[in-house]
Colleague: 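Can you keep this structure in mind? I'll have questions shortly.
Labels below follow one simple rule: chain letters A, B, ... track the order of the sequence lines, proteins then strands, and each chain is numbered from 1.
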2 protein chains.
Amino acid sequence: MPRPARVSPDRILDAAALEFAARGYAGARVDHIARRGRVNKAMLYYHFGSKQGLYRALLRRTFGAIAADLQAIASGPLDPASRLDAAVSAFVRHIETHAHFPSIMLREVAEGGTHLDADTMAAVAAVPQAFAAILKPGVEDGVFDGVHPLSAYFITIAPIVMFVASAPLRAQAAQRRISPTVVGRRISTDAFMADVKRALQRAFAARSSVHQGRS
Amino acid sequence: MPRPARVSPDRILDAAALEFAARGYAGARVDHIARRGRVNKAMLYYHFGSKQGLYRALLRRTFGAIAADLQAIASGPLDPASRLDAAVSAFVRHIETHAHFPSIMLREVAEGGTHLDADTMAAVAAVPQAFAAILKPGVEDGVFDGVHPLSAYFITIAPIVMFVASAPLRAQAAQRRISPTVVGRRISTDAFMADVKRALQRAFAARSSVHQGRS
DNA sequence: GTCTATACCCTGATAGAC
DNA sequence: GTCTATCAGGGTATAGAC
């Protein structure tokens, strides 16, 4: 039975995920991350060199994991029509296990890659790339005719990411009684996901089978 | 001919929009905003009291403006089917005139309303509220049957906001030769918007006229 | 590999003259 | 209303002992 590692850079990364998600790159405090990860600052710097180094390591781990999941689907045996659904499910599952991910993604998009080196940016870019690979057979079969892969990527994941990331904001608004139910009745994450999946099925169905709203 | 105002809190807000969009709340530097707005720090504090006060004033102006545009559509004469299209157009137009808006919105969602007071949060919440009001007649007519207004809101605006806000990140990736065209051929903003509008038309078409992907 | 104590810079905010 | 000079606090990072 091997001894468990006592240092655990992984635990630091977990703490970093929380902190960077909640406060952003500039707002994150190395002290907080160290305390939450139960190491002292010196140890953190010993492992990651700098705040920036820590941030990059975190992003590589985070985006790397989800890209790997998507790549597995891309090279899997599913039929063209089921692949999008599988991608959405994988994405949602990843968010459920990594609650900090949506916030980090939104912030990094807004940040424009300022703190990233080429390797880290490649890890981030691997996500839309894997997504495009998932769609490829369907595009060739005409199932997703005419839609650019990058369009499909944003149309698919942006609503999910923003809805989940906005949970704290919506909770605050509800708490402060700003329009008690925000818009009409409350909505659960599950109900939202169902709406999204249905919308995507319709949006990306082959053109021939769909009524055109405009010519 | 009236003398032009020499103080111009508006110019400060313009500078603040740039800075907060580019660096986020914590990353923004009051010095930078003052310099870009061509006032000194003391003047800035004289007008806005604090960094937080400035941020709140900026959000009220930004979200207030777009909410007003949407409210005009909501109380306008358009038929139920055209209202969504008008909302999207208004949104896109607003982004074109206020290039910093998408970034600020993403960051504020991730921030979870931490720096906001009740008034500012109400201004932010007015946007989805106006959007729901735009959709209301269509929902009652069965055009958007079954989709929760908040779902429709995120499904509609999230792709647009994230695509536009991700432009710098995508530019960086392209510049560093990370998968030269990211995914397949390049895509223009116009092409993306066309894809989105088409997807939305399909996604929110009345159920009866659409082929169901799953039972 | 681990920890304590500290250097040093940056930044939000203000005092006080005009 | 406008400006210059400055302060106090908090932040990243490291030195150096063990």
Side-chain angles (χ1 to χ4, degrees), chain A residues 2-60 104 107-108 110-111 113-117 120, chain B residues 2-60 104 107-108 110-111 113-117 120:
Chain A
R3 283 244 249 43
R6 261 156 304 149
V7 267
S8 65
D10 266 355
R11 210 174 49 206
I12 300 178
L13 286 177
D14 291 342
L18 275 177
E19 180 76 359
F20 283 118
R23 303 178 195 270
Y25 181 81
R29 299 292 162 241
V30 176
D31 287 27
H32 293 183
I33 297 173
R35 214 168 324 167
R36 221 197 281 261
R38 282 169 294 159
V39 292
N40 55 52
K41 257 195 298 188
M43 204 63 241
L44 187 155
Y45 279 100
Y46 174 80
H47 280 296
F48 295 99
S50 68
K51 183 182 184 178
Q52 191 177 57
L54 173 60
Y55 184 69
R56 289 172 177 174
L58 170 66
L59 287 204
R60 279 195 299 271
I104 290 176
R107 295 194 120 108
E108 188 48 41
E111 209 86 27
T114 330
H115 313 286
L116 307 188
D117 56 359
T120 311
Chain B
R3 283 241 250 45
R6 262 156 303 148
V7 268
S8 64
D10 266 356
R11 210 175 50 207
I12 300 178
L13 286 177
D14 291 343
L18 275 177
E19 179 76 0
F20 283 119
R23 302 179 196 267
Y25 181 80
R29 298 293 161 242
V30 176
D31 285 27
H32 293 184
I33 297 173
R35 213 168 325 168
R36 222 197 280 261
R38 283 168 294 160
V39 293
N40 55 53
K41 255 196 300 187
M43 206 61 241
L44 187 155
Y45 278 99
Y46 174 79
H47 281 295
F48 296 98
S50 67
K51 183 182 184 178
Q52 192 178 56
L54 174 60
Y55 183 68
R56 289 172 177 175
L58 170 66
L59 287 205
R60 279 195 300 272
I104 289 177
R107 296 193 120 112
E108 189 47 41
E111 210 87 25
T114 329
H115 313 285
L116 307 188
D117 56 359
T120 311

Colleague: Is A/Arg60 reaching over with its side chain to a backbone N or O of A/Thr120, donor-acceptor style, under 3.5 angstrom?
Modeller: no
Colleague: So which one's nearest nucleotide on DNA chain C is more toward 5', A/Ala42 or B/Ala26?
Modeller: A/Ala42
Colleague: B/Leu18 and B/Arg36: which non-hydrogen atoms are nearest, and at how many Å?
Modeller: CD1-CD, 3.6 Å
Colleague: When you check the phosphate oxygens OP1 and OP2 of C/dC10, does a side-chain N or O of B/Arg29 lie under 4.0 Å from one of them?
Modeller: no
Colleague: Which residue, B/Lys41 or A/Val30, contacts DNA chain D at a nucleotide closer to its 5' end, judged by nearest heavy atom?
Modeller: B/Lys41
Colleague: Look at the aromatic rings of A/Tyr25 and A/Tyr55 and report parallel, tilted or perpendicular, splitting at 30° and 60°.
Modeller: perpendicular
Colleague: Rounding to a whole Å, what distance do you find between B/Leu44:CG and D/dG1:P?
Modeller: 15 Å
Colleague: Whole angstrom is fine here: how far is it from OH in A/Tyr46 over to C1' in C/dG1?
Modeller: 5 Å
Colleague: In whole Å, I'd like the distance from the CD1 atom of A/Ile12 to the P atom of C/dG1.
Modeller: 12 Å
Colleague: Which whole-number value in Å describes the distance from B/Arg23 CZ to C/dC10 P?
Modeller: 14 Å
Colleague: Grab the two heavy atoms, one from B/Lys41 and one from B/Val30, that are nearest each other, plus how far apart they are.
Modeller: CG-CG1, 3.9 Å
Colleague: The side chain of A/Asn40 is closest to which nucleotide in this list: D/dT12, C/dT14, C/dT4?
Modeller: C/dT4
Colleague: Using atom types as modelled and distance alone, determine if a side-chain donor or acceptor of A/Glu19 lies under 3.5 Å from a backbone N or O of A/Arg29.
Modeller: yes
Colleague: Can you measure B/Met43 atom CE to D/dA5 atom P for me and round it to whole angstrom units?
Modeller: 18 Å
Colleague: Between B/Asp31 (CG) and C/dA13 (P), how many Å, whole number?
Modeller: 11 Å
Colleague: Using whole Å, report how far CZ of B/Arg35 lies from P of C/dG12.
Modeller: 11 Å
Colleague: Specify the separation, in whole Å, of atom NE2 of A/His47 and atom C1' of C/dC3.
Modeller: 13 Å
Colleague: Would you name the heavy atoms of A/Ile33 and A/Ile12 that are closest together and state the gap between them?
Modeller: CG2-O, 3.9 Å
Colleague: List in numerical order all residues of residues 48-57 of chain B for which some heavy atom is under 4.0 Å away from an atom belonging to DNA chain C.
Modeller: B/Ser50, B/Lys51
Colleague: Can you tell whether the side chains of A/Arg107 and A/Glu111 come within less than 4.0 Å, N to carboxylate O?
Modeller: no
